[in-house]
*Asks:* 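This is the structure, below, for whatever I ask next.
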Amino acid sequence: MYQRFKDCLLRPRNIADYIKEPKKKTIIYTVILLIVYVVPFLLIALLSNSAATSLSTSVSDDFINADQINYQISDGKLVSITGDNKPQYIKTEIIIEQAYKLNALYVFDLTGEAYKDILEVDASSYLVLLFTENEFRIEKITVTKEGNSNGPSMEIDFGLTGNSEKDYRLVKYTYEELEITNIDFSSNKDVNKVDFKNEVATIVHSIYSKLKLKLLPIIIVCVLALAIGSYFISVLFITLLFKLLYRYLQVDFGIVFKSTLLCSTPYVICSILALLTNITFLE
């Protein structure tokens with residue numbers, strides 16, 4: 001197997017020697033090649049915090065630009081510094097990895113229910129990052145507006161069937177679990193902007209770490225599907241391109257596909273190097 005890898009990588013002329021070998025050997029070699037190809041993608045997806053960093057920067061800016069928040073977390077509980085306990089929220093968009101954009105609301109509400117009566121937002125689905133008195137929750141809501149004799153009214157549905165807590169509360173953690181037992185959202189963010197941003201970034205990283213651990217199986221499946229899918233799409237594309245351009249050679253499709261699998265060795269190695277060095281030209 002080592003000799004096959006060496007020939008496919010450094011002596012492409014010798015690939016012809018492996019074309020007529022049993023399919024079983026080609027399948028084993030392809031599986032090994034896929035493992036080599038996928039492992040770096042998995043490691044980077046699991047170990048990298050680039051998404052959390054960009055997300056924390058965006059969230060910090062949202063908090064800086066928002067109106068004064070009259071709440072703070074003190075000794076693991078959310079408290080109102082004004083004493084009126086009036087819910088507050090920040091409407092924003094959360095962008096994840098430059099690909100997924102979600103309408104979101106950062107909500108501060110001791111009861112976790114009163115904020116529905118003060119929302120003034122467009123009809124849409126929202127991800128609610130909810131700070132209640134004793135815990136942090138992530139919920140999904142759908143806002144719809146209907147007209148009546150008194151003008152337009154707003155209705156809030158939790159977007160999923162049923163009214164049980166598990167239907168709409170996607171995530172729930174105490175502040176102790178998130179290790180954010182003390183933070184003042186009402187601090188003078190204009191004077192201490194850097195410190196304020198760092199505190200908000202700490203919250204984001206903590207929540208992101210918890211969610212990442214919770215979603216680990218999904219992350220692994222998605223990375224595997226994307227990596228393996230992109231590999232086989234590339235191999236199939238080259239195979240079809242060869243059949244189209246050199247159809248006069250009358251070469252069997254299976255032979256071309258098998259040859260392309262073997263010829264993909266340099267592509268796999270260069271893709272890994274491109275991923276590790278961030279030099280996309282290599283791929």
*Asks:* For Lys258 and Lys20, work out which heavy atoms get closest and say how close.
*Replies:*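 Taking Lys258 first and Lys20 second, the nearest heavy atoms are NZ-C, 4.1 Å.
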*Asks:* Might you point out which heavy atoms bring Ser271 and Tyr37 nearest each other, and give the distance in Å?
*Replies:* CB-CE1, 3.7 Å
*Asks:* Return the CZ to CG distance between Phe257 and Leu240, rounded to the nearest 0.5 Å.
*Replies:* 9.5 Å
*Asks:* Search all heavy atoms of Asp84 against all heavy atoms of Ser80 and return the closest pair with its distance.
*Replies:*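 Heavy atoms only, the tightest pair is OD1-OG, 3.8 Å.
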*Asks:* With the side chain counted from C-beta on, respond yes when Tyr29 and Thr265 share a heavy-atom pair under 4.5 Å apart, and no when they do not.
*Replies:* yes
*Asks:* side-chain contact (heavy atoms from CB on, under 4.5 Å) between Ile19 and Leu262: does it pass, once the steps are laid out?
*Replies:* CA-CA 9 Å; Ile19 296 300; Leu262 295 170; 4.2 Å; yes
*Asks:* Do Leu273 and Leu42 land in one hydrophobic cluster if side-chain heavy atoms of ILVMFWY residues count as linked below 4.5 Å?
*Replies:*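 Result: yes, single cluster for both.
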*Asks:* Is it true that atom NZ of Lys86 has more than 12 heavy atoms of other residues, nucleotides or ligands lying nearer than 6.0 Å?
*Replies:* no
*Asks:* What do the steps show when you test Gln3 against Arg11 for side-chain contact (heavy atoms from CB on, under 4.5 Å), and what is the final call?
*Replies:* CA-CA 10 Å; Gln3 187 59 44; Arg11 303 185 185 93; 4.0 Å; yes
*Asks:* So, do Tyr267 and Ile238 sit near enough that their side-chain heavy atoms are less than 4.5 Å apart?
*Replies:*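 The answer is no; the side chains never approach within 4.5 Å.
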*Asks:* Starting from the C-alpha separation in whole Å, work towards a yes-or-no answer on side-chain contact (heavy atoms from CB on, under 4.5 Å) for Tyr18 and Asp7.
*Replies:* CA-CA 10 Å; Tyr18 304 105; Asp7 286 340; 2.6 Å; yes
*Asks:* Could you tell me whether the side chain of Gln88 and the main chain of Asn70 form a donor-acceptor pair under 3.5 Å?
*Replies:* yes
*Asks:* Check whether any side-chain N or O of Tyr175 sits under 3.5 Å from a backbone N or O of Glu135 as a donor-acceptor pair, and report yes or no.
*Replies:*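 Present.
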*Asks:* Please round to the nearest 0.5 Å and tell me the distance separating atom CD of Gln72 and atom CD1 of Ile183.
*Replies:* 10.5 Å
*Asks:* Out of the candidates Val128, Leu105, Ile69, only one should pair with Tyr89 under the side chain to side chain contact (heavy atoms under 4.5 Å, CB included) rule; please name it.
*Replies:*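 Result: among Val128, Leu105, Ile69, Leu105 is the only option passing the side chain to side chain contact (heavy atoms under 4.5 Å, CB included) with Tyr89.
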*Asks:* Quick one: CG on Leu129 to CZ on Arg137, what's the gap to the nearest 0.5 Å?
*Replies:* 12.0 Å
*Asks:* Would you call Asn182 and Ser74 a side-chain contact if the rule is heavy atoms closer than 4.5 Å?
*Replies:* yes
*Asks:* How long is the span from the OG1 atom in Thr132 to the CD atom in Glu113, to the nearest 0.5 Å?
*Replies:*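 Nearest 0.5 Å value for the OG1-CD distance: 10.0 Å.
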*Asks:* Is Tyr246 linked to Val251 within one hydrophobic cluster, defined over Ile, Leu, Val, Met, Phe, Trp and Tyr using a side-chain heavy-atom separation of less than 4.5 Å?
*Replies:*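 In one cluster: yes.
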*Asks:* Quick one: do Tyr106 and Ile81 end up in the same hydrophobic cluster if we chain Ile, Leu, Val, Met, Phe, Trp and Tyr together by side-chain heavy atoms under 4.5 Å apart?
*Replies:*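 Shared cluster, no.
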*Asks:* Provide the closest heavy-atom pair for Lys243 versus Phe253 in the form atom of the first, atom of the second, distance.
*Replies:*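 That closest heavy-atom pairing would be NZ-N, 4.1 Å.
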*Asks:* Could you go through Phe136 and Leu78, starting from their C-alpha distance and side-chain angles, then the distance that decides it, and tell me whether this counts as side-chain contact (heavy atoms from CB on, under 4.5 Å)?
*Replies:* CA-CA 10 Å; Phe136 167 82; Leu78 185 72; over 6 Å; no
*Asks:* Is the distance between the ring centroids of Phe131 and Phe108 under 6.0 Å?
*Replies:* yes
*Asks:* Do Asp122 and Ser124 pair up side chain to side chain, a donor and an acceptor below 3.5 Å, judged on atom types alone?
*Replies:*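 No, because no side-chain N or O of Asp122 sits under 3.5 Å from a partner of the opposite role on Ser124.
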*Asks:* Which residue, Val256, Ile255, Leu261, forms the side chain to side chain contact (heavy atoms under 4.5 Å, CB included) with Thr239?
*Replies:* Val256
*Asks:* Does Ile228 reach the side chain of Phe232, with side-chain heavy atoms less than 4.5 Å apart?
*Replies:*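 They are in contact (side-chain heavy atoms under 4.5 Å apart), so the answer is yes.
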*Asks:* When you look at CD of Glu179, are more than 12 heavy atoms from neighbouring residues, nucleotides or ligands closer to it than 6.0 Å?
*Replies:* no
*Asks:* Mark yes or no for whether Asp109, through its side chain, and Ala114, through its backbone, hold a donor-acceptor pair below 3.5 Å.
*Replies:*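 Yes, the answer is positive, given that a donor and an acceptor are paired below the 3.5 Å cut-off.
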*Asks:* So, Ser264 versus Tyr231: side-chain donor-acceptor pair below 3.5 Å or not?
*Replies:* yes
*Asks:* Could you tell me which non-hydrogen atom of Glu176 sits nearest to which non-hydrogen atom of Gly76, and how far apart they are?
*Replies:* OE2-CA, 3.6 Å
*Asks:* If you round to the nearest 0.5 Å, how far is CZ of Arg4 from NZ of Lys25?
*Replies:*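 Going from the NZ atom of Lys25 to the CZ atom of Arg4 covers 7.0 Å.
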*Asks:* Could you see if Leu34 belongs to whatever hydrophobic cluster contains Ile233? Use Ile, Leu, Val, Met, Phe, Trp, Tyr and a side-chain cutoff under 4.5 Å.
*Replies:*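 In one cluster: no.
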*Asks:* Is Leu276 linked to Val268 within one hydrophobic cluster, defined over Ile, Leu, Val, Met, Phe, Trp and Tyr using a side-chain heavy-atom separation of less than 4.5 Å?
*Replies:* yes
*Asks:* Specify the closest pair of heavy atoms between Cys263 and Ile15, including all atoms of both residues, with the distance to one decimal.
*Replies:*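 Looking at all heavy atoms of both residues, the shortest contact is SG-CD1, 3.5 Å.
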*Asks:* Could you measure the distance from the CD1 atom of Ile269 to the SG atom of Cys8? Nearest 0.5 Å is fine.
*Replies:* 11.0 Å
